Amino acid sequence: MRDGAAPPDLEKMIATLRHRGPDGLNHLYRTPCMLAHARLSIIDLETGTQPIANEDQTIWTVLNGEIFNFIELRAELEALGHRFRTRSDTEVIVHAYEEYGVRFVERLNGQFAIALWDIPRQRLVLARDRVGIRPLFYTRTRGLLLFASEIKAILAAAPEAAVMDERGIAQIFTFWGTVGQRTAFKNIQSLPPGHLLVVEEGGDRLERYWDWTFPAGAGRSDLSLDAAAEELRALLTDAVRLQLRSDVPVGAYLSGGLDSAGIAALTAQATTKRLRTFSITFDDPEFDESEYQRQMAAHLDVEQTSVRCSYRDIGDAFPELIWHTETPVLRTAPVPLMLLSRQVRDSGYKVVLTGEGADEVFGGYDLFKEGKIRRFWARQPRSRWRPLLFSRLYPYLAHSPAANRHFAQSFFGKRLEELENPFYAHLTRWATTRGIFRLLSPEFRAALEGSSAEEELAAELPASFDQWAPLARDQYVEVKTLLQGYLLSSQGDRVSMANSVEGRVPYLDHRVIERVNALSARYKLRGLREKVLLRKALEGLVPQGILGRVKQPYRAPDCRSFFEGGAPLPYVAELVSASNLRRTGYFDPGAVEHLVEKCRTGRALGAADNMAFVGMLSTLVLHQHFLGGPPAWH
Amino acid sequence: MKLHGELRQFILDNYLLTRDDSSLGDSDSLTGRGILDSTGALELVMHLEERYGIKVLDDELHPDNLDSVEKIAAFVERKRA
């Protein structure tokens, strides 16, 4: 707060975050800084109340998340003379800051959003974990710097910041999420993962302290697969050991795939108590994986709970989802996860381990194979058999772009010669996602003139990017778009925290990432076999039937969830009505009418139409929740 | 030319989501412009079979037959003959 600025209504702000921390609200006011905290008590249930201070109460902090290595750090800091008053992981932050300065974050192993107020230096430090598991947003307005774990808390104190950012929306309509500091709101910034914001006399500085990085050239390949797998297994075992630190019971998600099976198996191995697991099943067999979930649950002898999801469940809960995501989404897949976390909470659990991140770290996506085949084909563009490899892709899609050989060639063959393009593997996917641009109103299009989502993303790439192996480049782009902008946020933190559940992601322990990133692509994608190293590391822990499964990404039914008996659900009909579309201004009523008709009659089969529908609807819901009035360009 | 008009209308309504006739030429490549992929081709075939009472064989599902309004019209004419 600057001198003379009117203080924000802190209680009103923190009240909006009650779902993130229903176990206690507290705040601190030391001019010119105010800190508030909604507590989800997991470690040190008795004395861990926040904000927490150092010995002489000159440094204060609030933490959302966990510092997993707090026991080791505490011992280190006590040996250096620091005195602790609580058993909480949060307290290590103030002492580590005293000892190491702002770079104390480099010592933390955790998932965190931290605000720290240093009274003698009049310095505010905001810090976010390396990969962006916990969110942190901020804005500047009326002489105030407002920050919070969710945008709605900022809007509670600064309703004037509720202005949609058309460039942010265009990024979401291309990559599924925003990149860098951008959000769906024009005046609200996200503190990027692996960054610090230091605010003090003499100016603010945004510092990057960590990033995903890869070696120049091919990477390390001197280890045998067995030796590398053994090393990885030890590292994953340790990551799970740290992430099981909790004073409340910890459960695990079981999707039926390899990644969550691996985490559940490592967890079961590390605990003496019978593990509780949670799964989603679908009425629609295209998406249902219950057979594999049963197989894994029986193998581990866990207590398994499932939530069954119908189309209607998804359609009904969608507006609530958007209240939590605070951004448009292009898929309904986060909805069942929100319903699942409700079940977790109702079962008396507030912490779960999940398998998120494995596809990015170990090279699991079909997109990586697509990039590999396109590069292989581009070397002999006239080859007739090289493009036949596309038939190996997307076997889980009922209507795959690879289904027909002739059309697959023209689909995947676009911009085949652009081998130097940093987004080579992603070009075809983004072109499909951008199918939603067909729906934009002329005014929205005009507001986007002169901007390019791809150029904005290119500006975020590190200097060494060009020297990395092709798979490493594809992984980095995937992390900066889908993982950070969607999987960890809309499909991660926001849907678990919606029900006061903390998700933990051992595959994204930075030690695992750093170790595996150093290895060459042959430990990840061998031929067209994905996650080779992870499979090897999990041998013996996970049954062969799951170990040998071809990747099936988690998905949920999209546009058909919003129609029943040939008609849109009532709230959907209202949102897509011509009058609402004209009032809100984002979309062209004629184009929307065509798409709605296509969805209503069950003729929208492909990804482009389904994403366009969900993206359009979520934008309208977002507008209704947070803006109400017409967008800025009206 | 009635057939051309109907087909163009179907593509405008279902893929381009517009009624603007000028946004598609009869000889425009549908795959080249990113309008038609494997799934889109299936949707198109479903429409052709229902609307024109023809049966499209698997090996006829090829851009040579379906890549533009002109090619689709010629294909439908051939099948109906």
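Every chain is numbered from 1 and lettered A, B, ... according to where its sequence line falls, protein lines coming before strand lines. Small disclaimer: the values here were computed from a predicted structure and weren't measured.
- In Glu49(B), the CD atom is crowded: over 12 heavy atoms of neighbouring residues, nucleotides or ligands sit closer than 6.0 Å.
- A 4.5 Å side-chain heavy-atom check between Tyr15(B) and Lys598(A) finds at least one atom pair inside the cut-off.
- Residue Leu12(B) does not touch chain A at all, counting heavy-atom pairs closer than 4.5 Å.
- Residue pairs meeting the salt bridge (charged side-chain N to carboxylate O under 4.0 Å, His left out) criterion with at least one member in residues 390-414 of chain A: none, sequence neighbours excluded.
- Contact residues of residues 416-432 of chain A toward chain B are absent (heavy-atom distance under 4.5 Å).
- Interface remark: of the candidates Leu42(B), Thr31(B), Thr18(B), Asn14(B), Asn14(B) forms the most heavy-atom pairs closer than 4.5 Å to chain A.
- At a threshold of 4.5 Å between non-hydrogen side-chain atoms, the residues Asp37(B) and Phe407(A) do not count as touching.
- Counting heavy-atom neighbours within 6.0 Å of Arg384(A) CZ, excluding the residue itself, gives a total of 12 or less.
- A donor-acceptor pair is defined here as one N or O able to donate and one able to accept, closer than 3.5 Å; no such pair exists between the side chain of Glu43(B) and the backbone of Ala604(A).
- Expressed to the nearest 0.5 Å, how far CZ of Arg603(A) lies from CE of Met46(B) amounts to 9.0 Å.
- More than 12 heavy atoms of other residues, nucleotides or ligands sit less than 6.0 Å from atom CG of Asp20(B).
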Audit row: Glu593(A), Leu17(B), side chain to side chain contact (heavy atoms under 4.5 Å, CB included) steps and yes/no: CA-CA 8 Å; Glu593(A) 191 189 339; Leu17(B) 307 176; over 6 Å; no

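- If you measure heavy-atom distances from Asp609(A) to chain B, the contacts under 4.5 Å come from the side chain alone.
- Of the possible donor and acceptor atoms, one in the side chain of Asn404(A) sits under 3.5 Å from a partner among the backbone N and O of Leu61(B).
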